[in-house]
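Following: one structure in structure tokens, then a few remarks.
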Amino acid sequence: MSQPGLAQRMRYALGTGARVAFYAGHYLAARRLRPQKREGAPGFVPAHAMPSEAAIYADLKRLMERDWANIAAGVYAAPHDLVPDLGDLAALARASRGFFKDLPTVDRRRREEAHQEVFERVSREGYPRYYLQNFHYQTDGYLSAHSAGLYDFQVETLFSGAADAMRRQALPPIAETLKGRDQRKARLLDVACGTGRLLGFVKDNFPRLPALGVDLSPAYLDFARERLAAFSGLDFVRANAERLPFEDGEFDVATAVFLFHELPPKARAAVAREMARVTKAGGRIVLVDSVQYGDHPPYDGLLDYFPAHFHEPYYAGYAREDFSRLFGAAGARQLSAERAFLSKVMVFGKG
């Protein structure tokens with residue numbers, strides 16, 4: 001991979017700057033449009049001090065600098081959609097309209113704490129009870145094409161355009177694991193692949209690597225299949241991550257992005273065991289998820305606020321989980337843990 005020059009650096013700076021402005025603008029607009037609590041209603045008071053917006057945006061800038069440093073060093077390629085073409089812009093406009101159209105319903109659920117609509121409407125057959133919730137108060141939870149079509153836009157808005165850059169921080173440990181190897185003879189499993197954002201980055205950078213995405217949502221898998229249809233060597237399987245339908249040691253790399261904070265304690269342990277089981281000796285498990293308490297103390301107030309404001313019933317337990325112990329009990333040793341803005345990249349090695 002050739003070293004990018006000044007033009008590429010400017011393209012990256014302009015693309016990421018526009019991306020942050022676009023999604024941060026949506027976040028601020030959504031906050032202003034949100035109906036205020038009725039007068040006299042008690043507000044949420046976090047146990048820890050909240051960071052300033054200036055501090056958050058300065059930290060977001062550091063994430064983008066890290067992202068660019070990886071691109072400049074040839075660790076991974078710049079995303080192909082960093083500067084949208086006309087088709088991308090039209091899709092963004094449609095997603096923006098869908099986001100604002102859905103916003104009043106999301107806000108109504110938040111005010112009424114109505115987070116069990118999915119359980120009331122969907123048969124439980126094939127789904128664990130904890131999965132049948134309106135996480136983030138989003139429409140249909142994870143179980144409709146409507147939800148799949150809005151999910152990435154909602155997440156980027158939440159993170160002011162930083163979600164993809166955080167996901168890309170899974171690529172350096174993947175590259176390190178595959179260094180000097182024939183990609184065609186290795187395999188990657190993305191657990192809870194959702195709409196396929198990480199898998200897209202993986203296939204952009206490791207096109208000959210056979211990869212498989214597994215998820216519990218048929219709608220999200222359909223979305224991922226359509227989005228990534230141009231890639232070869234990529235397949236999808238519907239399954240519960242607590243019981244992966246694969247043999248021991250089938251994969252060289254197993255990844256999971258923004259999964260563990262939505263799992264109750266027993267499920268977290270089960271998924272850790274399964275990810276370790278299907279990873280071969282010498283392989284790597286790479287997680288990208290939320291920061292935890294103490295990782296960056298100025299953000300501890302955000303960790304108090306997030307589960308209270310966005311329906312995240314298992315987040316407080318996640319934020320205190322000892323992942324070294326959790327994966328150690330599953331037979332995988334923690335090799336590193338590094339913060340990347342509001343996310344944390346954890347790497348585990350299978351002995």
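As a basis for the values below, the full set of heavy atoms in this structure was taken, side chains included, without hydrogen atoms, waters or symmetry mates.
We find that Glu250 and Lys280 are not joined by a salt bridge, their nearest charged nitrogen and carboxylate oxygen being 4.0 Å or further apart. Electrostatic pairing of Asp252 and Arg187 does not count as a salt bridge here, judged by no charged N lying under 4.0 Å from a carboxylate O. In this structure, Lys344 does not pair ionically with Asp289, as no charged nitrogen and carboxylate oxygen lie closer than 4.0 Å. Glu274 has a carboxylate O that lies under 4.0 Å from a charged side-chain N of Arg277, or vice versa, which qualifies the two as a salt bridge. In summary, Asp81 and Arg197 engage in a salt bridge, as defined by a charged side-chain N under 4.0 Å from a carboxylate O. Salt bridge annotation for Arg273-Glu242: absent, with no cationic side-chain nitrogen under 4.0 angstrom from a carboxylate oxygen.
The shortest heavy-atom contact between Gly194 and Asp215 is N-OD2, 2.8 Å. When all heavy atoms of His136 and Tyr142 are compared, the closest pair comes out as CE1-OH, 3.3 Å. Closest approach of Ala272 to Ala330, counting heavy atoms only: O-CB, 3.7 Å. Shortest non-hydrogen contact noted between Gly294 and Asp300 is N-OD1, 3.2 Å. Minimum heavy-atom separation, Leu189 to Leu244: CD2-CD1, 4.1 Å. When all heavy atoms of Pro128 and Leu216 are compared, the closest pair comes out as CD-CD2, 3.5 Å.
Checked against the 6.0 Å centroid threshold, Tyr76 and Phe201 do not count as a close aromatic pair. You'll find the ring centres of Tyr318 and Phe323 inside the 6.0 Å limit. Separation of the Tyr151 and Tyr220 ring centroids falls under the 6.0 Å cut-off.
Side chains of Val291 and Phe341 form no contact here, defined as non-hydrogen atoms less than 4.5 Å apart. Put simply, the side chain of Val214 does not reach to within 4.5 Å of the side chain of Asp190, judged on heavy atoms. Side-chain contact between Leu132 and Leu143: present, with at least one pair of heavy atoms (C-beta onward) separated by less than 4.5 Å. Taking the side chain as every heavy atom from C-beta outward, Glu156 and Asp164 approach each other to under 4.5 Å. Counting heavy atoms from C-beta outward, Leu287 and Met275 have side chains that approach closer than 4.5 Å. Using a 4.5 Å heavy-atom threshold, the side chains of Pro207 and Gln183 count as touching. You'll find the side chain of Leu33 reaches within 4.5 Å of the side chain of Phe100, heavy atoms only. In this structure, Asp322 and Leu326 have side chains that are not in contact, with every pair of non-hydrogen atoms separated by 4.5 Å or more.
The CG atom of Leu188 lies 5.0 Å from the OG1 atom of Thr255; values are rounded to the nearest 0.5 Å. Atom CD1 of Ile71 sits about 4.5 Å away from atom CG of Asp67, to the nearest 0.5 Å. Here the CG-NE2 distance, from Leu263 to His261, works out to 9.0 Å after rounding to the nearest 0.5 Å. For the atom pair CE (Met50) and CG (Leu303), the distance works out to 9.5 Å, reported to the nearest 0.5 Å. Atoms NZ and OG, from Lys101 and Ser96 in turn, are 13.5 Å apart once rounded to the nearest 0.5 Å. Remark: Gln138 CD to Leu150 CG distance equals 8.5 Å, nearest 0.5 Å.
In this structure, the side chain of Glu226 does not engage the main chain of Phe223 through any donor-acceptor pair within 3.5 Å. A side-chain donor-acceptor contact under 3.5 Å links Asn205 to the backbone of Ala77. A side-chain donor-acceptor contact under 3.5 Å links Thr177 to the backbone of Pro173. Here the side chain of Ser147 pairs no donor or acceptor atom with the backbone of Ser144 at under 3.5 angstrom.
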Hey, mind stepping through Gln154 and Leu158 against side chain to side chain contact (heavy atoms under 4.5 Å, CB included) and telling me if it holds? CA-CA 6 Å; Gln154 291 170 328; Leu158 175 65; over 6 Å; no
Mind running side chain to side chain contact (heavy atoms under 4.5 Å, CB included) on Ile285 and Val347 for me, showing each step along the way? CA-CA 6 Å; Ile285 300 164; Val347 182; over 6 Å; no
Would you sort out whether Phe348 and Leu335 count as a side chain to side chain contact (heavy atoms under 4.5 Å, CB included), showing the intermediate values? CA-CA 5 Å; Phe348 304 87; Leu335 303 178; 5.8 Å; no
What do the steps show when you test Leu209 against Leu178 for side chain to side chain contact (heavy atoms under 4.5 Å, CB included), and what is the final call? CA-CA 9 Å; Leu209 175 68; Leu178 299 175; 3.9 Å; yes
Is there a side-chain hydrogen bond (donor to acceptor under 3.5 Å, both in side chains) between Thr139 and Arg109? Walk through the geometry before answering. CA-CA 9 Å; Thr139 300; Arg109 291 192 193 96; 3.2 Å; yes
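Defined by atom type and a distance below 3.5 Å, a donor-acceptor pair is present between the side-chain atoms of Asp304 and His48. Side-chain contact annotation: Thr279 with Arg284, donor-acceptor N/O pair under 3.5 Å absent. Of the N and O atoms on the side chains of Tyr293 and Glu321, not one donor lies less than 3.5 Å from an acceptor on the other residue. There is a side-chain donor-acceptor pair under 3.5 Å between Gln169 and Asn70.
The side-chain tip of Arg110 points at the ring of Phe310 from less than 6.0 angstrom away and within 45° of straight on. A cation-pi contact links Arg129 to Phe119, judged by a cut-off of 6.0 Å to the six-membered ring centre and 45° from its axis. With a 6.0 Å cutoff to the six-membered ring centre and a 45° limit on the axis angle, Arg238 counts as a cation-pi contact of Tyr127.
Summarising the local packing, CZ of Arg11 is surrounded by 12 or fewer heavy atoms from other residues, nucleotides or ligands at distances under 6.0 Å. Taking a 6.0 Å sphere around CD of Glu112, one finds it holds more than 12 heavy atoms contributed by other residues, nucleotides or ligands.
Using the six-membered ring where Trp is involved, Phe135 and Tyr314 have ring planes that are tilted, between 30° and 60° apart. Classified by interplanar angle (parallel below 30°, tilted 30° to 60°, perpendicular above 60°), the ring pair Tyr23/His26 is tilted. Ring-plane geometry between Phe153 and Phe99 is classed as tilted, the angle between the planes lying from 30 to 60 degrees on a 0 to 90 degree scale. Aromatic ring orientation, Tyr137 versus His311: tilted (interplanar angle from 30° to 60°).
Considering only residues two or more places apart in sequence or on other chains, His296 meets the side chain to side chain contact (heavy atoms under 4.5 Å, CB included) condition with Pro298, Tyr299, Arg339.
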